Amino acid sequence: MVSAALASTLARRNIHYGWVVVAATFLTMLVTAGAMGAPGVLIKPLQDEFGWETSQISSALAIRLILFGFMGPFAAAFMNYFGVRKVIVFALALIGAGFVGSLFMTKLWHLLALWGIVVGFGTGLTAVVLAATISTRWFTKHRGLVVGMLSASSATGQLVFLPLMAELTERYGWRSTVFFVCAMIMVAALAVLAFMRDRPADLNLPSLGETQVTPPPASITLGAALMTPITTLREIAKTSTFWILFATFFICGLSTNGLIQTHFVTLCGDFGIVPVAAASVLAVMGIFDFFGTIGSGWLSDRFDNRWLLFWYYGLRGLSLLYLPFNDFSFYGLSIFAVFYGLDWIATVPPTVKIAADRFGREKAGLVFGWVFAGHQLGAATAAYGAGLSRTELSSYLPAFFVAGAFCLLASILAITLKKSGLTAPAPAAAH
């Protein structure tokens with residue numbers, strides 16, 4: 001097998017195969033995030049061709065974001081039962097099917113079904129929960145850094161492809177962007193088939209930072225696997241730690257991909273900025289986010305994660321409150337892109353670390369899956385709410401004021417978390 005031969009070659013050079021898995025995961029999350037971000041440049045073309053209103057298109061995107069989030073805990077369960085490799089390949093096929101089907105849509109319900117439900121399910125299986133699963137299975141050492149790298153790929157993929165997608169859409173129509181997304185999905189699927197493995201034990205390796213090979217857990221039935229997220233939720237819902245993480249991540253989604261990723265291009269269009277230029281600003285955010293999130297992963301291995309979240313949410317809130325007051329010039333948007341980009345998804349590594357510290361390594365993926373559901377519920381709220389604001393009030397700006405204010409609230413909530421230490425969800429669980 002390719003992976004076995006490569007693992008042996010790398011071992012002779014003292015390189016752990018986990019980094020190959022990280023590379024394949026990085027590409028997968030980059031591509032699926034690009035697919036998530038594609039509709040952001042397609043709102044106006046869909047309006048022009050089909051006559052749909054912003055709020056109608058936003059409703060499909062909101063459905064997608066909700067499914068993207070609420071699939072997270074079950075995605076972790078599916079990965080535990082079927083294996084990471086099979087789940088990722090299936091997810092990529094589902095996303096590709098949703099985009100291919102959209103080439104032939106003519107009615108609004110087609111958009112709701114394809115970009116809302118089908119793409120929502122597919123992207124939900126490869127959400128940030130995948131980063132948490134890979135990092136906890138393959139890494140004991142450098143875990144925070146790996147979460148930062150993979151989270152950066154997800155956020156960056158939502159932004160860096162947008163200028164190219166906007167250019168393709170402007171020159172050749174929105175369907176050319178759909179073809180581009182499908183081509184990226186095919187490349188990612190081939191990489192996963194060649195290099196992805198479920199656990200280090202599949203290659204007789206310990207996780208990086210350990211010396212003993214950890215055997216895979218005992219197999220369980222599919223029904224038991226599907227019930228695991230529910231039983232985990234019942235346990236963690238009894239703790240204040242979970243609800244604080246859930247609330248802050250709701251606000252994280254409210255202030256990032258639900259608002260900026262979905263509506264920023266259209267917002268700039270309201271101020272006379274063409275889509276390609278607006279998408280380029282988003283790409284700049286993606287570049288700064290890449291370094292900001294990796295840096296956040298490095299910091300989360302070394303500093304109190306509660307205070308990292310305090311600063312991340314606070315600075316993001318101030319940047320969102322600043323945006324409506326700038327003149328939407330190149331200079332003003334550049335300042336926003338730098339400060340907001342550094343903080344785009346820097347909240348993920350500290351949140352994953354807190355979840356693992358408080359609830360244990362084995363439950364980290366499932367716990368973060370439910371926390372991430374809050375993120376996407378917030379994203380869906382912003383995706384639809386901002387679209388409704390533009391339709392009813394002829395302006396996106398009220399949505400930015402609301403998001404900025406909520407970020408300041410999240411900053412305060414983060415420091416109310418108790419200091420690090422394993423949280424016992426309930427006496428029954430301990431028993």
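Since the model is a prediction, treat every value here as computed from it, not as a measurement. For this chain, numbers begin at 1 and follow the sequence in order.
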* Say whether R13 and T9, considering side chains only, have a donor N or O and an acceptor N or O under 3.5 Å apart. =>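 No - no donor-acceptor pair under 3.5 Å links their side chains.
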
Donor-acceptor pair, [X] side chain versus [Y] backbone, under 3.5 Å?
X    : Y    : answer
T293 : F290 : no
W243 : A237 : yes
Y313 : A414 : no
R358 : K418 : yes
R306 : L417 : yes
S300 : G297 : yes
S296 : P349 : no
T248 : I244 : yes
W370 : P229 : yes
S135 : V147 : no

* Asked: Hey, mind stepping through V31 and V187 against side chain to side chain contact (heavy atoms under 4.5 Å, CB included) and telling me if it holds?
  -> CA-CA 9 Å; V31 167; V187 171; over 6 Å; no

Specify whether [X] and [Y] have parallel, tilted or perpendicular ring planes, treating 30° as the upper limit for parallel and 60° as the lower limit for perpendicular.
X    : Y    : value
H375 : F372 : parallel
W138 : H16  : perpendicular
F99  : W115 : tilted

Under 4.5 Å between any side-chain heavy atoms of [X] and [Y], yes or no?
X    : Y    : result
L320 : S255 : yes
L205 : R199 : no
V87  : T126 : no
V281 : V284 : no
Y312 : L299 : yes
F242 : F359 : yes
I354 : L309 : yes
M79  : L130 : yes

How many angstroms lie between [atom1] in [X] and [atom2] in [Y], if you round to the nearest 0.5 Å?
X    : Y    : atom1 : atom2 : value
L233 : M227 : CG    : CE    : 10.5 Å
M29  : L150 : CE    : CG    : 6.0 Å
F139 : L145 : CZ    : CG    : 8.5 Å
L190 : L92  : CG    : CG    : 10.0 Å
T177 : L168 : OG1   : CG    : 5.0 Å
Y340 : Y322 : OH    : OH    : 15.0 Å

For the [atom1] atom on [X], are there more than 12 heavy atoms of other groups (residues, nucleotides or ligands in this structure) within a distance under 6.0 Å?
X    : atom1 : answer
W311 : CH2   : no
Y81  : OH    : yes
Y172 : OH    : no
R302 : CZ    : yes
F401 : CZ    : yes
F291 : CZ    : no
F336 : CZ    : yes

* **Stepwise ring-ring contact (aromatic ring centres under 6.0 Å, His included) check, F249 with F368** => CA-CA 10 Å; F249 237 47; F368 183 71; 5.6 Å; yes

How close do [X] and [Y] get, counting heavy atoms only, and between which atoms?
X    : Y    : result
D343 : L315 : OD2-C, 4.2 Å
A91  : L125 : CB-CB, 3.6 Å
V181 : A38  : CG2-CB, 4.1 Å

* Asked: So, are D198 and R137 salt-bridged, with charged N and O less than 4.0 Å apart?
  ->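 Between R137 and D198 there is no salt bridge, as every charged N stays at least 4.0 Å from the carboxylate O atoms.
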
* **F400, F264, Y396 screened by side-chain contact (heavy atoms from CB on, under 4.5 Å) with L259, the one that passes** =>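 Result: among F400, F264, Y396, F400 is the only option passing the side-chain contact (heavy atoms from CB on, under 4.5 Å) with L259.
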
* Asked: What residue among T25, V21, T28, I134 forms side-chain contact (heavy atoms from CB on, under 4.5 Å) with V84?
  -> I134

* Verdict with reasoning, V118 to L94, per side chain to side chain contact (heavy atoms under 4.5 Å, CB included) -> CA-CA 7 Å; V118 176; L94 203 59; 4.1 Å; yes

* To do: Check step by step if side chain to side chain contact (heavy atoms under 4.5 Å, CB included) holds for C407 and I251.
  => CA-CA 6 Å; C407 283; I251 294 170; 4.2 Å; yes

